[in-house]
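See structure below.
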Amino acid sequence: MIREAVPEDAPSIEQLYRILLPDQKDIKVLPARIGQIATNPESFLYVYEADGAVVGTVHLHFCMDALSGERPFAVIERVVTAPETRGKGYGAALMRHAEETAAARGALKVMLSSAMRRTEAHRFYERLGYDGDGSRLFKRYLNSD
């Protein structure tokens with residue numbers, strides 16, 4: 001079952017993020033932040049719950065766009081499922097749900113990024129119809145000091 005995350009999901013989501021980003025040591029998912037996301041009309045944090053456990057998550061953001069009238073574009077981030085549940089369709093279901101939400105809001109496009117080392121994830125996204133050849137993603141992390 002796919003649903004919006006609630007603050008009580010924080011430990012499960014944090015565990016999934018640690019699987020997704022094993023080298024990142026400062027991962028901290030706060031229940032209060034999940035509550036803030038739930039009240040933000042431009043951000044949706046979804047989880048896939050199977051047998052009472054959170055086994056996957058995806059974060060969907062809407063961004064205003066000056067290019068296409070009032071249509072936003074959407075960004076998907078931090079798509080991850082628990083390793084022991086992969087191949088069961090949970091990740092694809094989360095992606096479809098995020099895409100359906102974006103389409104219902106009239107989004108022009110959905111974008112996502114994936115680390116270069118995650119070649120298996122790249123094949124997954126390609127099977128879902130995403131094209132990673134036409135663009136390059138550039139990012140710069142900002143110092144929080």
Side-chain angles (χ1 to χ4, degrees), residues 1-24 26-118 120-132 134-142 144:
M1 160 180 87
I2 297 172
R3 61 174 173 77
E4 285 194 61
V6 295
E8 293 78 21
D9 295 323
S12 298
I13 294 170
E14 183 170 313
Q15 183 178 11
L16 288 167
Y17 286 170
R18 291 185 186 285
I19 292 165
L20 179 66
L21 304 164
D23 298 330
Q24 191 166 332
D26 61 345
I27 295 172
K28 185 164 185 71
V29 178
L30 302 172
R33 180 57 116 191
I34 292 176
Q36 290 173 329
I37 291 167
T39 64
N40 181 338
E42 307 303 325
S43 188
F44 297 85
L45 181 59
Y46 295 119
V47 295
Y48 196 108
E49 186 177 324
D51 299 322
V54 171
V55 297
T57 187
V58 63
H59 200 158
L60 174 68
H61 308 274
F62 287 94
C63 305
M64 287 192 284
D65 192 354
L67 173 74
S68 55
E70 294 185 3
R71 295 180 74 184
F73 65 89
V75 177
I76 291 177
E77 295 215 306
R78 296 187 189 93
V79 180
V80 60
T81 57
E84 65 274 11
T85 67
R86 292 187 183 149
K88 295 185 176 186
Y90 300 153
L94 281 164
M95 290 293 292
R96 268 193 314 277
H97 190 79
E99 291 170 356
E100 289 167 1
T101 302
R105 293 272 302 263
L108 176 67
K109 63 183 173 183
V110 178
M111 299 185 301
L112 61 86
S113 66
S114 182
M116 293 297 291
R117 64 178 166 72
R118 300 189 65 228
E120 188 174 315
H122 302 167
R123 286 190 295 276
F124 167 72
Y125 296 132
E126 288 167 352
R127 282 193 306 272
L128 294 177
Y130 286 79
D131 176 11
S135 301
R136 271 184 74 185
L137 169 75
F138 293 86
K139 62 185 172 185
R140 180 177 180 195
Y141 288 97
L142 302 176
S144 61

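These numbers come from a predicted model, not from an experiment. Computed from heavy atoms alone, side chains included, the values below leave out hydrogens, waters and symmetry copies.
In this structure, P31 and P7 approach most closely via the heavy-atom pair O-CB, 3.5 Å. Scanning both residues, P83 and I19, for their nearest heavy atoms gives CD-CD1, 3.7 Å. Residues A5 and I13 come closest through the heavy atom pair CB-CD1, 3.8 Å. Listed here is the closest heavy atom pair of I2 and A93: CD1-O, 3.3 Å. The minimum heavy-atom distance between A102 and V110, with the atom names listed, is CB-CG2, 3.8 Å.
No side-chain heavy atom of V47 sits less than 4.5 Å from a side-chain heavy atom of L16. V29 has its side chain within reach of I34: a pair of non-hydrogen atoms, C-beta onward, lies under 4.5 Å apart.
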Item checked: From CA spacing to verdict: side chain to side chain contact (heavy atoms under 4.5 Å, CB included), V80, R86 -> CA-CA 9 Å; V80 60; R86 292 187 183 149; 4.0 Å; yes
Margin query: Does K88 form a side chain to side chain contact (heavy atoms under 4.5 Å, CB included) with Y48? I'd like the steps, not just the answer.
Written below: CA-CA 12 Å; K88 295 185 176 186; Y48 196 108; over 6 Å; no
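We find that E14 and R18 are joined by a salt bridge, their nearest charged nitrogen and carboxylate oxygen being less than 4.0 Å apart.
Here the straight-line distance linking atom NE2 of H97 with atom CD of E4 works out to 7.5 Å at 0.5 Å rounding. Taken from NZ in K28 to CZ in R33, the straight-line distance is 13.5 Å, to the nearest 0.5 Å. In this structure, OG1 on T85 lies 6.5 Å from OH on Y90, to the nearest 0.5 angstrom. Interatomic distance, NE2 of H61 versus CD1 of I37, reported as 7.5 Å (0.5 Å rounding).
Sequence neighbours left out, not one pair with a member in residues 62-79 passes side chain to side chain donor-acceptor pair (under 3.5 Å).
A search for ring-ring contact (aromatic ring centres under 6.0 Å, His included) contacts involving Y17 returns nothing, not counting sequence neighbours.
Of the residues listed (V58, T57, L60), the one engaging L45 in a side-chain contact (heavy atoms from CB on, under 4.5 Å) is T57, and it is the only one.
Under 3.5 Å, the side chains of T101 and Y46 contain a donor-acceptor pair of N or O atoms.
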